[in-house]
Amino acid sequence: MGEKVRWGIIGLGNIARNFVKDLALVNEAQIYAAASRNLEKANGFANEYNIPNAFGSYKELLECKEIDAVYIATPHTSHCELSIMAMEHGKHVLCEKPMGINRVEVEKMIVAAQLNKVFLMEALWSRFNPSILKVKQLVETGDIGPLAYLHADFAFYAMDRDIKGRVLNPELAGGSLLDIGIYPIFLAYLLLGKPDQILATSNFHGNGTEIQTSMIFKYPKAQAILYSGFTSRSEMKAEISGEKGSIYIPTRWHEAQGYIVEKNSEKEEFSLPTTGRGYFYEIKEVNDCINHGKLESSLWSHQNSLDLISLMDTVRKQNGIVFPFEE
């Protein structure tokens, strides 16, 4: 076991709260500081989670010599800038997904990681979820035969949210695709790779924010049907079917606590509860990589992040999803 990795948290919303609770469960990690642009908010967060240091600016946290790694949980629009700033201060970075708004941003971030010789990973926590690791293994060993069909969705009702908030604000790269559509796209990519062709269609809010997107990923011998939206709920189950059987990941599949295998009309349920909310596993991966001197994860590499953002760029281009600051 290496030294404890000392973490700083930038951006103190709901996702950071869940992350910090799970970070406390990782023996090799220590939460050292929290930063907000509002010192009062940083102090409140630090008091609530017994964090020794609070900063009223991101820069102050990044200048703190004791911090090894930074978790960035701000809105999408500042991921690139803050990650690069952190890496230029010699910090390892775990950046909330999507890592960047588009491929250009992700490329810049990877260059910064290489130049500064620091670890960088997109916080795609589902990749490290025990059930999803197991499902990938079952697919690879041919347990259900060659894949023919995958279905995954992610939707919740958000049309009553504040129009200036992160979810529906085009200035903050709002919309369902980058926020939650990334999960179904990730699952298709993880299990089937990059598709030969993408067919997609979106609906939009009056303010120009994309609020509903359906996608078909076409492969030589398989199709993936994917969906994200803010206009209704969806079951949020995933179905992965091959010639010999099917695997089902139950509701809220992206934070799976188990899976079901169906073969010869017989279903078998497997329970694999997560430690904490499930952020535990990605934090552990980052710590292990840092302690072994690795600059990227072999489970979710820089190339994986580039592939993922490229798929989202393709969907955006097809449907004319453009943010005001990109025009």
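Counting only N and O atoms by type, the side chains of E122 and S305 include a donor and acceptor under 3.5 Å apart. Judged purely by distance below 3.5 Å, without hydrogens or angles, the side chains of Y281 and R127 never pair a donor atom with an acceptor atom.
With sequence neighbours excluded, the residues forming a ring pair (Phe, Tyr, Trp, His ring centres under 6.0 Å) with F156 are F230, listed by chain and number. The salt bridge (charged side-chain N to carboxylate O under 4.0 Å, His left out) search around R37 returns none, not counting sequence neighbours.
The hydrophobic clustering, which links ILVMFWY residues whose side-chain heavy atoms are closer than 4.5 Å, places Y189 and M312 together. A single hydrophobic cluster is seen to contain both I309 and F325, as judged by linkage of ILVMFWY side chains at heavy-atom distances under 4.5 Å, directly or through other members. Hydrophobic clustering (ILVMFWY, side-chain heavy atoms < 4.5 Å, transitive): V167 and L172 are in distinct clusters. Tracing side-chain contacts under 4.5 Å through hydrophobic residues (I, L, V, M, F, W, Y), one never reaches V322 starting from L178; they form parts of separate clusters.
Counting heavy atoms from C-beta outward, D313 and R316 have side chains that approach closer than 4.5 Å. Two residues are said to be in side-chain contact when any heavy atoms from C-beta on lie closer than 4.5 Å; E96 and I72 fail this criterion. Considering only heavy atoms from C-beta on, K134 comes within 4.5 Å of L138 through its side chain. A heavy-atom distance below 4.5 Å is not found between the side chains of I101 and C80. Under the 4.5 Å side-chain criterion, counting only non-hydrogen atoms from C-beta, C64 is not in contact with N53.
The environment of CG in D162 is crowded: more than 12 heavy-atom neighbours from other residues, nucleotides or ligands sit within 6.0 Å. Annotation for K237: atom NZ does not count as buried by contact number, only 12 or fewer foreign heavy atoms lying within 6.0 Å. In this structure, K294 places its NZ atom where more than 12 heavy-atom neighbours from other residues, nucleotides or ligands lie under 6.0 Å away. E60 CD: more than 12 foreign heavy atoms inside a 6.0 Å radius. For Q197, the CD atom counts as densely surrounded, since its 6.0 Å shell holds more than 12 non-hydrogen atoms of other residues, nucleotides or ligands. Counting heavy atoms of neighbouring residues, nucleotides and ligands inside a 6.0 Å radius, atom CD of E269 does not exceed 12 of them.
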Full working for side-chain hydrogen bond (donor to acceptor under 3.5 Å, both in side chains) between T251 and E235: CA-CA 6 Å; T251 292; E235 273 199 312; 5.8 Å; no

Criterion side chain to side chain contact (heavy atoms under 4.5 Å, CB included) on F323 and T77, from CA distance to verdict: CA-CA 10 Å; F323 303 115; T77 37; over 6 Å; no

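By the 30° and 60° cut-offs, the orientation of the rings of Y183 relative to H254 is tilted. Using cut-offs of 30° and 60° on the angle between ring planes, the pair F217 and Y219 is tilted.
Shortest non-hydrogen contact noted between I249 and G258 is CG2-O, 3.9 Å.
Ion pair R277/D22 not flagged as a salt bridge, since none of the NZ, NE, NH1 or NH2 atoms sits closer than 4.0 Å to an Asp/Glu carboxylate oxygen.
Because its NZ or CZ atom is not both nearer than 6.0 Å to the ring centre of F186 and within 45° of the ring axis, K97 does not count as a cation-pi partner of that residue.
Counting side-chain heavy-atom gaps under 4.5 Å among Ile, Leu, Val, Met, Phe, Trp and Tyr, Y227 is found in no cluster with other residues.
Under the side chain to side chain contact (heavy atoms under 4.5 Å, CB included) test applied with S83, the options V70, L94, V93, I10 reduce to a single match, V93. M215 pairs with exactly one of L226, T314, I225 by the side chain to side chain contact (heavy atoms under 4.5 Å, CB included) rule, that one being L226.
At distances below 3.5 Å, not a single donor-acceptor pair connects side-chain atoms of N116 with backbone N or O atoms of G90.
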